[in-house]
Q: 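Take this structure, written in structure tokens, and hold onto it; I'll ask about it next.
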Amino acid sequence: MKNFVVKTIANAGALAVAIWLLQDITLTGDNTGRKTLTLILVALLFGLVNFVVKPVVKLLTLPLFILTLGLITLVVNALMLMLTSWLAGVVGLDFHVEGFWTAVLGGLIISVVSWALNVVLPDED
């Protein structure tokens with residue numbers, strides 16, 4: 001359970017950094033509390049997408065991973081971020097990613113920040 005909470009906090013922090021750095025990734029809300037709640041819910045949604053959809057996509061694109069020496073990971077991460085944006089819109093969360101290249105850059109930022117936060121934060125059960 002503690003590992004799940006730590007990963008969600010890391011995802012929320014990484015998403016917050018991407019929102020802060022890129023103007024085309026937006027998170028809107030009436031006040032700071034609402035924005036924080038939306039950010040946590042989007043982080044949960046992002047974690048769910050990465051847990052359920054990403055392994056299937058990686059398996060289906062395995063030849064491309066081999067051919068591009070793993071660079072296709074940037075595209076897969078961007079697609080997962082765009083899927084999260086779309087799902088957030090479906091469930092009524094105020095989170096949006098505008099454009100594929102913004103999603104690529106956002107996915108790169110989220111990957112680096114999430115990795116750094118997972119190194120710093122404890123992950124024991």
Q: Can you tell me how far the CG atom of L48 sits from the CG atom of N11, to the nearest 0.5 Å?
A: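 One finds 11.0 Å between CG of L48 and CG of N11.
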Q: Report yes or no: do V52 and V56 belong to one cluster of Ile/Leu/Val/Met/Phe/Trp/Tyr joined by side chain heavy-atom distances under 4.5 Å?
A: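 The answer is no; the residues belong to distinct hydrophobic clusters.
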Q: Kindly compute the distance separating CZ (F51) from CZ (F4), expressed to the nearest 0.5 Å.
A: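 Nearest 0.5 Å value for the CZ-CZ distance: 10.5 Å.
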Q: Could you tell me if the side chain of M80 sits less than 4.5 Å from the side chain of V53, heavy atoms only?
A: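 Side chain of V53 against side chain of M80, heavy atoms only: contact under 4.5 Å found.
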Q: Quick one, K54 with V76, criterion side-chain contact (heavy atoms from CB on, under 4.5 Å). Give me CA distance, side-chain angles, the key distance, then yes/no.
A: CA-CA 8 Å; K54 192 173 185 177; V76 171; 4.1 Å; yes
Q: State, with a plain yes or no, whether a side-chain heavy atom of L27 is found less than 4.5 Å away from one of D94.
A: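 SC-SC contact between L27 and D94 ruled out.
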Q: Should I25 and L22 be marked as a side-chain contact (heavy atoms from CB on, under 4.5 Å) after you check the CA-CA gap, both sets of side-chain angles, and the distance that decides it?
A: CA-CA 6 Å; I25 299 178; L22 302 173; 3.7 Å; yes
Q: Of all heavy-atom pairs between A10 and N118, which one has the smallest distance, and what is that distance?
A: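 Here A10 and N118 meet closest at CB-OD1, 3.7 Å.
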Q: Testing L87, I19, L41, L45 one by one against F95 for a side chain to side chain contact (heavy atoms under 4.5 Å, CB included), which residue passes?
A: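 Only match with F95 under side chain to side chain contact (heavy atoms under 4.5 Å, CB included): I19.
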Q: Are L60 and I72 linked, directly or through other ILVMFWY residues, by side chains that come within less than 4.5 angstrom of each other?
A: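 No, separate clusters.
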Q: Any chance you could measure L69, atom CG, to L67, atom CG, to the nearest 0.5 Å?
A: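 Output value for this atom pair is 8.0 Å.
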Q: If Ile, Leu, Val, Met, Phe, Trp and Tyr residues are connected whenever their side-chain heavy atoms lie under 4.5 Å apart, and connections chain through other members, are I110 and W115 in the same group?
A: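 No.
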Q: Can you tell me if N77 and S111 form a side-chain donor-acceptor pair at under 3.5 Å?
A: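 Indeed, the side chains of N77 and S111 share at least one donor-acceptor pair under 3.5 Å.
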Q: Using every non-hydrogen atom in the two residues, find where E98 and T102 come nearest and quote the distance to one decimal.
A: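 Of all heavy-atom pairs spanning E98 and T102, the closest is O-OG1, 3.0 Å.
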Q: Using every non-hydrogen atom in the two residues, find where L39 and A12 come nearest and quote the distance to one decimal.
A: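 Closest approach of L39 to A12, heavy atoms only: CD2-O, 3.7 Å.
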Q: Are the side chains of D24 and W101 in contact, using a 4.5 Å heavy-atom criterion?
A: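 Not touching, per the 4.5 Å side-chain cut-off.
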Q: Return the minimal non-hydrogen interatomic distance between A14 and S114, and the atom names on each side.
A: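 For A14 versus S114, the nearest heavy atoms are CB-N, 3.8 Å.
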Q: Is there a side-chain contact (heavy atoms from CB on, under 4.5 Å) between L81 and S85? Walk through the geometry before answering.
A: CA-CA 6 Å; L81 188 58; S85 173; over 6 Å; no
Q: Rounded at 0.5 Å granularity, tell me how far CG in L71 sits from OG1 in T73.
A: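 Here the interatomic distance stands at 7.5 Å.
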Q: How many angstroms lie between atom CG of L44 and atom OG1 of T8, to the nearest 0.5 angstrom?
A: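 Separation between the atoms: 4.5 Å.
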Q: Any chance you could measure I40, atom CD1, to K35, atom NZ, to the nearest 0.5 Å?
A: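 I40 atom CD1 to K35 atom NZ measures 14.5 Å (nearest 0.5 Å).
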Q: Using the rule that two of Ile, Leu, Val, Met, Phe, Trp, Tyr join whenever any of their side-chain heavy atoms come within less than 4.5 Å, decide whether L79 and L62 are in one cluster.
A: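 Hydrophobic grouping puts L79 apart from L62.
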Q: Same cluster or not: are W20 and L15 linked, directly or through other Ile, Leu, Val, Met, Phe, Trp or Tyr residues, by side-chain heavy atoms under 4.5 angstrom apart?
A: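 In one cluster: yes.
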